[in-house]
Amino acid sequence: MQETQSSIILGIETSCDETAAAIYQEGKGMLSSVLFSQTELHKNFGGVVPEIASRSQLEKIRPIVREALEKANLELKDINAIAVTHKPGLPGSLLVGVCFAKAMAYGLNIPIIGINHLEGHAFSAAIENDIPFPYICITASGGHTSLYHITDFGSYTVLGQTIDDAAGEAFDKIAKLINLPYPGGPVIEKLAASMNFEDFFHYTRSNPDGLDFSFSGLKTAVLYDLVKRDAYDMKTKKFLKPHDETLQKQVASSLLVCITDIFKHKLARVIKAHPEIKAVSFVGGVACNNYMRAQLQLVCQKYNLKLYFPSAMYCTDNAGMIAFVGNYKARRNEWSDLTLDILK
Ligand code: KG4
Ligand code: ZN
């Protein structure tokens, strides 16, 4: 029943605080990729509030899917298969996308493919680039930090990952600590640039054995350093110098350099451990960071490897990467069915 030649795939992504839909057709590329970001809704809370996220998903899913169809100049009947993120993520948010996709697949009598959000990120740099296999992928987002060894589309092993917080989470939590808005990553990059990426405070670089990462200690290191500078009150949990822009900039700059150093160190280590690799990709929301890109590029240059990254629109959560992964799974007849769940 399935058409495997250049199918038109609708991708749906609702794993966290973005409602996204995209349409991909092999040979023609991404026909549309649209999203509604809930950043404004969560800004005042310093992070994503799951209940608010799922309610907003419910409101936006239909208009966003419609917009993706309109932008691609297509109608519902033109879609051959639906790829939807079914894990991991916030349960309430995931459920909206999965239920919507299942209802659409049933109503249109077309197949459905459940996609792991992390596989979406892991292959996001391949949407716009032909990356030679095998390659190493560094995924750094708000929820995940992992190193993958990728041998083919859909074939990958985890070489290392964070044992506690994700890199993006570290940016977000430390931004909150010093009264900067959510999400922390972009604003920290901006403030760090204004200080020429100088490392003022030399926060300790956590370095778990092997290829794993750890970022939770960094938040504590920044916290204690602020206390030492009379800039944070542990009792009231308040930043005491909200108007000291220089201090905010110094923390931002030192933090970005520290996190970048940790990635550079791990990248050099993984390259040495895997001399067979032909390239490196850097993906996920944190990969929007131009300073980190440039620094990781220096490491790759040293080993004669090319560093690939997605355009910004495919770094942060998006449905394009879900439709793209859906496409290669469809080609291999790797379908799900209507029992698709967010837990398995
Ligand atoms: O991939 P993403 O949209 O969501 C998850 O799957 O988690 O990543 C969001 C994360 C946030 O933590 C945000 O602070 C971080 O990506 N981020 C950045 C930058 N832009 C977004 N981190 C560092 N520098 C940036 N320019
Ligand atoms: Zn993500």
Side-chain angles (χ1 to χ4, degrees), residues 11-20 22 33 35-39 42-43 45-48 50 53 84-90 93-94 97 115-125 127 137-146 148 161-162 165-178 180-194 197 213 215-216 218-219 251-263 281-296 309-322 324-325:
I12 294 178
E13 154 65 43
T14 65
S15 67
C16 190
D17 60 341
E18 263 94 23
T19 313
S33 183
L35 66 77
F36 172 78
S37 168
Q38 303 175 5
T39 302
H42 303 284
K43 224 172 182 162
F45 301 96
V48 177
V84 61
T85 304
H86 74 116
K87 66 178 183 187
L90 298 172
S93 289
L94 282 169
I115 309 288
N116 182 315
H117 180 79
L118 296 174
E119 186 167 338
H121 276 303
F123 290 89
S124 58
I127 298 174
C137 170
I138 310 169
T139 300
S141 70
H144 308 276
T145 302
S146 316
Y148 297 105
Q161 58 196 330
T162 181
D165 290 353
E169 197 176 350
F171 281 121
D172 297 339
K173 283 182 173 172
I174 294 166
K176 191 177 175 186
L177 211 59
I178 56 169
L180 296 175
Y182 171 85
V187 60
I188 283 177
E189 180 176 14
K190 210 170 124 213
L191 297 185
S194 75
F197 307 104
F213 297 83
F215 293 104
S216 70
L218 186 53
K219 186 189 157 193
V251 173
S253 193
S254 308
L255 175 68
L256 178 52
V257 175
C258 174
I259 291 182
T260 305
D261 275 358
I262 294 170
F263 277 98
S281 73
F282 180 37
V283 306
V286 176
C288 288
N289 193 293
N290 287 315
Y291 173 77
M292 292 179 78
R293 286 182 179 199
Q295 290 294 313
L296 293 180
F309 27 72
S311 316
M313 66 182 283
Y314 298 128
C315 279
T316 45
D317 285 351
N318 66 90
M321 64 187 190
I322 304 304
F324 181 77
V325 171

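All ligand and atom numbering here is 1-based and tracks the order in the structure.
Under the 3.5 Å distance criterion, the side-chain polar atoms of S15 are left unmatched by any main-chain donor or acceptor of G89.
Atoms OG and CZ, on S33 and F324 in that order, are 13.0 Å from each other to the nearest 0.5 Å. To the nearest 0.5 Å, atom OG of residue S254 and atom CD1 of residue I259 are 11.5 Å apart. Going from atom CG of L296 over to atom OG1 of T260 covers 7.0 Å, rounded to the nearest 0.5 Å. Note that the CD1 atom of I115 and the CE atom of M321 stand 10.5 Å from one another [nearest 0.5 Å].
Below 30°, between 30° and 60°, or above 60°: for F282 and F263 the angle between ring planes is between 30° and 60°, a tilted geometry. Ring geometry for H121 versus H117: interplanar angle over 60°, hence perpendicular rather than tilted (30 to 60°).
Salt-bridge annotation for D165 and K173: present, with a side-chain N of the basic residue lying under 4.0 Å from a carboxylate O of the acidic one.
For the Zn ion (ligand 2), protein N, O or S atoms under 2.8 Å: 3 in total.
Near ligand 1, residues H117, H121, S141, G142, G143, G168, F171, D172, P183, G184, G185, P186, E189, G285, V286, C288, N289, C315, T316, D317 each place a heavy atom inside the 4.0 Å sphere around the ligand atoms.
Considering only heavy atoms from C-beta on, S93 stays 4.5 Å or farther from D17 through its side chain.
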